[in-house]
Trainee: 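Got a structure for you, written out below as structure tokens; questions coming shortly.
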Amino acid sequence: MVEWTDEERTIINDIFSTLDYEEIGRKSLCRCLIVYPWTQRYFGAFGNLYNAETIMANPLIAAHGTKILHGLDRALKNMDDIKNTYAELSLLHSDKLHVDPDNFRLLADCLTVVIAAKMGTKFTVETQVAWQKFLSVVVSALGRQYH
Amino acid sequence: MSLSSKQKATVKDFFSKMSTRSDDIGAEALSRLVAVYPQTKSYFSHWKDASPGSAPVRKHGITIMGGVYDAVGKIDDLKGGLLSLSELHAFMLRVDPVNFKLLAHCMLVCMSMIFPEEFTPQVHVAVDKFLAQLALALAEKYR
């Protein structure tokens, strides 16, 4: 089981409390699709992803970004058992969506960059350590049910 | 995944904008590397203090960033231009190339923190590609 210190819990909760889920979700997913264009393979039904501008203007992508952030919120609310909280979601990504789990890491990295831009110098070393630990637990849980 | 001429221009432009803070970014990036990925400290066992923010870490971060800036100037031929650095990393330092990616990520985070407006997704992809090409050039002589 993952151990969280009180400080780590505070840091993670504080980050989420400052986030506009729509803004950060949209920005992170767009950035992922632009920086790692092969991730677009999973978004064939999402309309125009022709270039960076159309991706950033795409309302379906924006909505999906928000959905992802709300999904992360569930991990936040269940920090002591992310593995089981995400079991169904992991199966979904494996069996229905057929997403290569490496993509979770790519999106996580983009999320980190977007939050770093939002928080500026408040994104201290300690903050980054806790944040990336949280994301690595999430990424691991999402990949866990793959078979 | 080589850089288009537009992306090369984007990289040069952004690094030029960044130059007043390049020391800070280098120092911060290496500090974050050893903090977020503690296994990277294994390369610095010869330092008294390899903790994030320590003097040797900051100093070395600045050195590395200097190397990255040098590489920007050689962006049209990274493999050729970085030959001796590659030999250094291959035969002397023997840093596992997976760590180049980890440091690149930390650099991107610092760039994003310090230049949130300028570090757009388009700049991000160009710089990420450049750092990946740089890592490849550094690993050229490994085997």
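All figures in this text were calculated on a predicted structure; none of them were measured in a lab. Chain letters run A, B, ... following the sequence lines, proteins first, then strands; residues in each count from 1.
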Trainee: Identify whether B/Leu93 and B/Val57 are in the same connected component of the hydrophobic contact network (ILVMFWY, side-chain heavy atoms under 4.5 Å).
Mentor: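 The answer is yes; both residues are in one hydrophobic cluster.
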Trainee: Checking heavy atoms, do the side chain of B/Phe115, its backbone, both or neither come under 4.5 Å from chain A?
Mentor: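 Interface part for B/Phe115: neither.
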Trainee: Against chain B, work out which of A/Val114, A/Ile55, A/Thr124 has the most heavy-atom pairs shorter than 4.5 Å and name it.
Mentor: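 Top count of heavy-atom pairs under 4.5 Å with chain B: A/Thr124.
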Trainee: If we only count heavy atoms from C-beta on, is the B/Val36 to A/Trp131 side-chain gap below 4.5 Å?
Mentor: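 Contact flag for B/Val36/A/Trp131 side chains = no.
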Trainee: Any chance you could measure A/Thr121, atom OG1, to B/Met113, atom CE, to the nearest 0.5 Å?
Mentor: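 It comes to 6.0 Å.
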Trainee: Count the heavy-atom pairs under 4.5 Å between each of B/Gly53, B/Ala126, B/Pro116, B/Ser112 and chain A, then report the option with the highest count.
Mentor: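 Maximum pair count with chain A is reached by B/Ser112.
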Trainee: What option among A/Met56, A/Lys133, A/Gln128 has the most heavy-atom pairs under 4.5 Å with chain B?
Mentor: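 Highest number of heavy-atom pairs under 4.5 Å: A/Gln128.
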Trainee: Are A/Tyr42 and A/Tyr50 grouped together when hydrophobic residues (ILVMFWY) are joined by side-chain heavy atoms under 4.5 angstrom apart?
Mentor: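 Not linked; separate clusters.
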Trainee: Please give me the minimum heavy-atom distance between A/Val113 and B/Val109, naming the atom from each residue.
Mentor: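 Heavy atoms only, the tightest pair is CG2-CG2, 4.3 Å.
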Trainee: Quick one: closest heavy-atom pair of A/Gln132 and B/Tyr37, and the distance?
Mentor: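 Heavy atoms only, the tightest pair is NE2-OH, 3.0 Å.
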Trainee: Do the side chains of B/Val95 and B/Ile62 join up, straight or via other hydrophobic residues, at under 4.5 Å, putting them in one cluster?
Mentor: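 Unlinked, B/Val95 and B/Ile62 end up in two clusters.
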Trainee: Taking every non-hydrogen pair under 4.5 Å, which of B/Glu117, B/Lys129, B/Gln122, B/His105 racks up the most with chain A?
Mentor: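 Top count of heavy-atom pairs under 4.5 Å with chain A: B/His105.
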Trainee: Using a 6.0 Å cut-off, check whether atom CZ of B/Arg21 has over 12 heavy atoms from anything other than its own residue.
Mentor: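 No, because the 6.0 Å sphere around CZ of B/Arg21 holds 12 heavy atoms or fewer from other groups.
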Trainee: So which heavy atom on B/Arg32 is nearest to which on A/Val125, and how close?
Mentor: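 Of all heavy-atom pairs spanning B/Arg32 and A/Val125, the closest is NH2-N, 3.6 Å.
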Trainee: Could you tell me which portion of A/Met119 (side chain, backbone, both or neither) has an atom closer than 4.5 angstrom to a non-hydrogen atom of chain B?
Mentor: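 No part of it gets close to chain B.
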Trainee: Are B/Phe130 and B/Leu136 in one and the same hydrophobic cluster, where Ile, Leu, Val, Met, Phe, Trp and Tyr link if side-chain heavy atoms are under 4.5 Å apart?
Mentor: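 In one cluster: no.
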Trainee: Please indicate whether A/Glu22 has more than 12 foreign heavy atoms, meaning atoms of other residues, nucleotides or ligands, lying under 6.0 Å from its CD.
Mentor: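 Not buried by this count: 12 neighbours or fewer within 6.0 Å.
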Trainee: Is the CE atom of B/Met92 crowded by more than 12 outside heavy atoms at less than 6.0 Å?
Mentor: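 Open.
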Trainee: Is there a path of hydrophobic side-chain contacts, each under 4.5 Å between heavy atoms of I, L, V, M, F, W or Y residues, that connects B/Leu85 with B/Phe91?
Mentor: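 Per the 4.5 Å side-chain linkage, B/Leu85 and B/Phe91 are not co-clustered.
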Trainee: Taking every heavy-atom pair that is under 4.5 Å apart, which of B/Ile114, B/Thr120, B/Leu108 has the most such pairs with chain A?
Mentor: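 Of B/Ile114, B/Thr120, B/Leu108, B/Thr120 has the most heavy-atom pairs under 4.5 Å with chain A.
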Trainee: Restricting to non-hydrogen atoms, name the atom on B/Met1 and the atom on A/Trp38 that form the minimum distance, rounded to 0.1 Å.
Mentor: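 Minimum heavy-atom contact is SD-CZ3, 3.9 Å.
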Trainee: Would you say NZ of B/Lys8 has more than 12 non-hydrogen atoms from neighbouring residues, nucleotides or ligands within 6.0 angstrom?
Mentor: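 Yes, enclosed.
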